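Structure first, commentary second.
A quick note: this is a predicted structure, and the numbers were derived from the prediction, not measured. No hydrogens, no waters, no symmetry mates; every other heavy atom, side chains included, goes into these values.
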Amino acid sequence: MDAQDPDLCLIGKVIADQRNLGKSGAISIVKGAWRPKETFTIHPWDKIISYKSLSEINFNRGMFWVQAHGLPFGKLTKSYAGELASKISSQIEVDCIGDGIQSSGAGHVQPQAPGHRTVFCNDRESNLLAKYLGNAVSTTKYNPFSFLPKGLYEQFRRVANLYFLTISCLSFTPVSPVSPITNVVPLSIVLFVSLVKEAFEDWKRLQNDMTINNSPVDLLIDQRWESVPWKRLQVGDIIRVKQDGFFPADLVFLATTNPDGVCYTETANLDGETNLKIRKALEKTWDYITPERASEFEGEVQCEQPNNSLYTFTGNLLVQNQTLPLGPNQILLRGCSLRNTEYIVGAVVFTGHETKVMMNAMNVPSKRSTLEKKLDKVIATLFGVLLSLCLVGAIGSSLFVDVRYYYLQLEINVESEQFNPGNRLVVFVLSIFTLITLYSPIIPISLYVSIEMIKFIQSTQFINNDLRMYHRETNTPALARTSNLNEELGQVEYIFSDKTGTLTRNLMEFFKCSVAGETYGTGVMEIEVEVANAEEVQQPTKTRDTGFNFDDARLMSGAWRNEPNPDMCKEFFRCLAICHTVLPEGEETPDKLRYQAASPDEAALVTAAKNFGFFFYRRTPTMVYVRESHAEKMGKVEDVPYEILNVLEFNSTRKRQSVVCRYKDGRLVLYCKGADSVIYERLGGGNEDIKKITRVHMEQYGEAGLRTLCLAYKDLTTDMYESWNEKFIQAKSSLRDREKKLDEVAEMIERDLNLIGCTAIEDKLQEGVPACIETLSKAGLKIWVLTGDKLETAINIAYACKLISNDMKQFIISSETDEIRDVESRGDQVEIAQFIKEMVKTDLEKYHQEAKTILSDSSGKKLALLIDGKCLMYALDPSVRSTLLSLSLNCSSVVCCRVSPLQKAQVTRLVRKGANKITLSIGDGANDVGMIQAANIGVGISGLEGMQAVMASDFAIAQFRFLTDLLLVHGRWSYLRLSKVVSYFFYKNLTFTLTQFWYTFQTGYSGQRFYDDWCQSLYNVIFTALPVVIVGLLDKDVSVVLSKKYPQLYKEGPNNAFFNWKVVATLAVFSVYQSLVVYYFAVVSSTSGITSSGLMLGHWDVSTLAFTCLVITVNLRLLMMCSTVTWWHNISIGGSVLLWFIFICVYAFVFVNKGTFFTIYVLMSTIYFYLMVILIPVVALLGDFIYQGFQRWLFPYDYQIVQEIHRHELDPVGVGLLDVGNDLSPEDERSYAVAMLPKEKSKHTGFAFDSPGYESFFATQHGVVAPQKSWDVARRASMKPKDKKSRK
């Protein structure tokens, strides 16, 4: 191209040293960031061209974009760019000059700002200067150099570990009365165990990274495909991915072996969805399928910066002087796999950690349990007790040092200032440090490690392996994605639940419809079938397609041609068959073809069209093929192609989907389907009767619990469409705010629509949901349903779930009132907002007062609140929020309908933070993620809407009914067990420290240690460590069956009955008592103890005796805390005591230079030792025994009452697998075998020494009590008792 061409423009990346910008005489700029309004000039040869920066400079990489200002677009060659660069300045290098942008066809695409990323395909050298990330990924936390410093930093972020590090440092100073070993050894053990755990987990991550990074992929090199590892890929590379292979990076889809330019992908690794997605290559790039043709490709991709949005992409492809818009349909994301396609060719656009899947791989916000927070307060209290003990000892020490005790020679033999009578202040200060070191075991160093170990085993072995929460149909076990919140499951007060897919199955069936004001469908709903079966009414059995439960001969087999409005029926069927994004798969016959749909709703609607005689069987990027029966005349079957010109996709903001299609006769039609609220706003004038009748039909469908969808169409003229399509192409090519612009353009054409009718789809309740909700309600849990469905639908489902009933007082706040509709008809948005806000405020205040009145009387009537999303938006206003919260907390059930994902999260956060209640959110879809993360505990349902909710959750289950076991069994047991663990740690360490404290009074407050250093070191980590872990894993107060039979037992968790300040204070009292008994019995009685040599017992003899009695006492005290005693308890407690004897026997024999040398042998040679070992623990535990007896007799816990009721019932501890297996049916044996596949690591049922006996999964399968089924409220309400009798 001629350099003097007036069409010349510069499109490219200019890379420069930003410090030298502006120093060259050839460039003049305004200092600071380069903004669109700032210009600079370049002087190529004899011509001055003005240039303009179109985006802010990226100072991190020192690059910015320029393009010609006010000039048409042409092409600038790389050779000319280099020459131009040399003319400008030696400090600036112009590299990777792209193609100019030529307007392409209709729409007259204008130049767009390319943002911060341009990728030059098939040109590595041009992309090098941008310094894009490589494709190797690393998910490890550490490397060989950072492991030790970073690992130690992570450990010492814990206050307890930092405390013990401080104590260990103090133990090296002269003021320490104990050897450094005393504190260093336990700390080292704890740190070693934690670091080994971190290293093991990181090694697993490293192995996984190496496997992924070295996976092979075909890379285009010198016109041939070469297999290279993933880690060698770079941005701009052209690669080939074969069938069933995974995409190694985010790719721009260029070509495929399929003739229509499409490929099929599975995104299970991304969002869990297994249904296939269709991706379409741009027609301009279809030819680049062979290595020879692909090597000729020199396109330029201008796109958005890397981001974590999985479902959006904004970019343009500049190829052959054209700009072509790129969207999500042209992007193949890393981690997805190729299906049903031989191979595809793509260009790498994002690599490594900049791919969308890696940018989503971030940790869920950290959550801490309430018990863990309270544990921090207990630790702080212990520290306060420690300071108090040190203060008492320090004051005593400063008072004790006196010249009166001349025989101690404190002034003569003083080695430091610690006991100098002449400086009591120094004595006081130094004594503080001495005693802190001496009493440091009061804070348990092994507590956190023990709790982590217990929680980890509870999650991986008990919850994950519980067959009661295993879903046989989908082969899905429960999954604890975190072990931090086990005990929190036992303290939940509020449950926030989604409806669709959570309470219901998300298995949609086309049930009824309304066309042109006429309602059709006489099918029997599942809940009506249950009622009919109960009344012994025989129902006809019919074979039908999955997703189609429609029964009305007026629309079947072409009978619709005889209806009053057959043309509208035809539009209805065609809208169902054309307006969707469903993908057909398999042979093109009605029996063998399967539909891959983004949602069950869409599949049900297309299946309905097929059954009505409009069989959608093939899709290409631009065409939809429908086999129409009886459309033109009765009996005629014809394959009709429809050209799809535009697709206006569904999203949560639009709440509708539209397609513009062209018939083979040239007719242009827009078909639209969506929520009634958005469709009715866009209807044209006329046909008011049909609108009113259809609205009535939708209300009737909603009251029956059906999901409704409105259908509409609009005929378009060619001029109207061409004018709109230009704007659509511009919006679709935009790199900035593309989604917003597309929505604005869609609004232009989605108006003045003609209403066709509506559909009604049945979403069946999950099995066991009513019984589960009833059980949870008895447990004191308050359940809120947050759904996007209509108010009528939500109310009916709430009735069916037994969430609300007719004997409840219902407060309904809805925007669907005549007054609000009148205001909305005037169209003044400000007036509408003010009116609704005032109405919501008035209703809330009125209902709040009414609720107070009802609760104040003794009727015991329960309350229920029902509110829709529009009213909720105003109810969440700060001025009204407190009233909403107060009213809601007084209600047993709350139903929020028509709510957005953001509102779900806001409501959850309102109760969690506003009322300081422990909340649990449960959902199954991406729209529930915010709610799940906002709650204390998030539970994901692994259902049909993918795994987005599961990936954001803390626990995952397959069915809502499994909440009963998760909360009432695992949650309650975890809370009970961990409460005992924490309480016991507090007790045993305080008891140990107090025996040392009492000794201080007999040593002149000097800080002399009572026990040997090694005894003090191993007390927590060896001699009392294992039994408490066993209790934390295996203790249970009542069995699984009784936990669910008496759900009221769960209330002890939210009331914090097992770990509160009363429990801590009681343990502290007994700790003081037992420490006094152990210490003074051992010391006082030692005066009469004589060894076999006739000598009195010395200090180390008494110390060893006291420590022996202490170990026995605290271990037996733990046994008294247990509700269940198994042989594991006996082994751990007996083993811990035996370990002490083995240790002291070896220690006292080997270390001849220690004061404890031979002490145990001397003691064991006296009858005194055996007498004390029996007497001291008995006397010490006598107070506990009496207290527990009186407490159980006079003030029993609820679980103790249940224990007494069922004390004669056998707990099937001894039943084995074979005993149960002999009674299994073949079907259940297969189910159990599936559960035992590699996912199941253990045969353990998940409960503390429960056998798989009558409490097991098998017993529930053979139980005679069937789970309660849902029932039709509308029908029940219309039936009288006498009617039932008459039918019988």
Side-chain angles (χ1 to χ4, degrees), residues 13 78 95-99 117-137 212-259 261-265 279-303 313 315-320 322 324 326 330-339 341-352 354-355:
K13 189 160 46 182
K78 292 184 180 180
D95 189 37
C96 310
I97 301 302
D99 294 340
R117 170 160 293 211
T118 289
V119 176
F120 300 94
C121 302
N122 221 357
D123 190 349
R124 281 196 169 191
E125 293 182 0
S126 299
N127 291 313
L128 283 179
L129 290 172
K131 297 181 181 178
Y132 295 126
L133 292 183
N135 199 44
V137 298
I212 292 174
N213 289 333
N214 291 307
S215 301
V217 67
D218 291 341
L219 173 64
L220 182 63
I221 301 177
D222 297 332
Q223 297 190 359
R224 68 179 186 275
W225 300 116
E226 290 190 10
S227 180
V228 299
W230 282 17
K231 62 185 179 183
R232 284 185 52 190
L233 293 184
Q234 297 181 13
V235 171
D237 285 349
I238 305 296
I239 65 171
R240 177 178 69 173
V241 179
K242 298 177 183 178
Q243 182 169 340
D244 297 328
F246 290 91
F247 303 123
D250 291 350
L251 312 175
V252 172
F253 181 23
L254 299 179
T256 173
T257 52
N258 292 339
V262 301
C263 73
Y264 306 101
T265 66
R279 294 292 179 261
K280 310 170 188 176
L282 297 174
E283 191 170 355
K284 198 76 174 177
T285 64
W286 284 6
D287 295 336
Y288 299 107
I289 189 66
T290 64
E292 294 79 15
R293 286 285 294 138
S295 62
E296 299 172 5
F297 181 69
E298 292 188 354
E300 176 184 332
V301 177
Q302 299 178 349
C303 64
F313 181 81
N316 286 335
L317 176 62
L318 282 65
V319 61
Q320 298 177 3
Q322 286 188 330
L324 305 171
L326 296 173
Q330 287 79 45
I331 297 300
L332 306 173
L333 300 182
R334 178 187 175 115
C336 299
S337 56
L338 184 66
R339 296 282 187 262
T341 307
E342 185 180 349
Y343 68 85
I344 64 98
V345 175
V348 178
V349 65
F350 297 135
T351 51
E354 290 185 337
T355 57

On a heavy-atom basis, the closest approach of Ala249 and Thr355 is CA-CG2, 4.2 Å
Can you tell me how far the CD atom of Gln223 sits from the OG1 atom of Thr290, to the nearest 0.5 Å? 9.0 Å
A side-chain contact here means heavy atoms from C-beta on lying under 4.5 Å apart; do Tyr264 and Leu338 qualify? no
Is it the case that the side chain of Trp230 and the backbone of Ile212 share a donor-acceptor pair, with hydrogens and angles ignored and the cut-off at 3.5 Å? no
Look at the side chain of Arg232 and the backbone N and O of Gly134, then say whether any donor-acceptor pair between them is shorter than 3.5 Å. no
Which heavy atom of Tyr288 sits nearest a heavy atom of Phe297, and at what distance? CE1-CD1, 3.5 Å
Salt-bridged, Glu226 to Arg240, with N to O below 4.0 Å? no
Specify the closest pair of heavy atoms between Ala136 and Lys231, including all atoms of both residues, with the distance to one decimal. CB-CB, 3.7 Å
Counting C-beta onward and ignoring hydrogens, is there a side-chain heavy-atom pair between Ile239 and Pro248 closer than 4.5 Å? yes
Give, for atom OG of Ser337 and atom CD of Gln243, the distance between the pair rounded to the nearest 0.5 Å. 10.0 Å
Heavy-atom check, side chain of Leu332 versus side chain of Asp250, under 4.5 Å: no
Check for a donor-acceptor pair, side chain of Asn135 on one end and backbone N or O of Gln234 on the other, with a separation under 3.5 Å. no
Whether the side chain of Thr341 engages the backbone of Arg339 through a donor-acceptor N/O pair (distance < 3.5 Å, no angle test) should be reported. yes
Show your working on side-chain contact (heavy atoms from CB on, under 4.5 Å) between Arg334 and Val137 and close with a plain yes or no. CA-CA 12 Å; Arg334 178 187 175 115; Val137 298; 3.5 Å; yes
Does some side-chain heavy atom of Val345 sit less than 4.5 Å from a side-chain heavy atom of Thr256? no
Leu219 CG to Leu233 CG distance, which is reported to the nearest 0.5 Å: 6.0 Å
Looking only at heavy atoms, the pair that brings Thr118 and Tyr132 closest together is O-OH, 2.8 Å
Measuring from Phe253:CZ to Trp286:CH2, what's the distance to the nearest 0.5 Å? 9.5 Å
I want to check something: taking the side chain as every heavy atom from C-beta on, are Ile331 and Val252 in contact at a cut-off of under 4.5 Å? yes
Which pair of non-hydrogen atoms, one from Cys303 and one from Phe350, has the smallest distance, and what is that distance? SG-CZ, 4.1 Å
CD1 (Ile238) and CD1 (Ile221) are apart, to the nearest 0.5 Å, by 12.5 Å
Close side-chain approach of Arg117 to Val119, heavy-atom, < 4.5 Å: yes
For Asp123 versus Ser126, what's the shortest heavy-atom pair and its separation? OD2-OG, 2.5 Å
Is there side-chain contact between Lys284 and Gln322, with at least one heavy-atom pair below 4.5 Å? yes
SG on Cys121 to CG on Asp237, rounded to 0.5 Å: 10.0 Å
Tell me if a side-chain donor or acceptor on Thr285 pairs with a main-chain N or O of Leu254 at a distance below 3.5 Å. yes
Within the side chain of Gln330, is there an N or O that forms a donor-acceptor pair under 3.5 Å with the backbone of Leu282? no
Please say whether more than 12 non-hydrogen atoms of neighbouring residues, nucleotides or ligands are located less than 6.0 Å from CD in Glu283. no
Examine distances only and state if a side-chain atom of Asn122 and a backbone atom of Gly299 form a donor-acceptor pair shorter than 3.5 Å. no
Would you check if Leu317 and Glu300 make a side-chain contact, meaning some heavy-atom pair closer than 4.5 Å? no
Short question: side chain of Asn127, backbone of Phe120 - any donor-acceptor pair under 3.5 Å? yes
Tell me, with the steps shown, if Leu324 and Val319 meet side-chain contact (heavy atoms from CB on, under 4.5 Å). CA-CA 8 Å; Leu324 305 171; Val319 61; 3.9 Å; yes
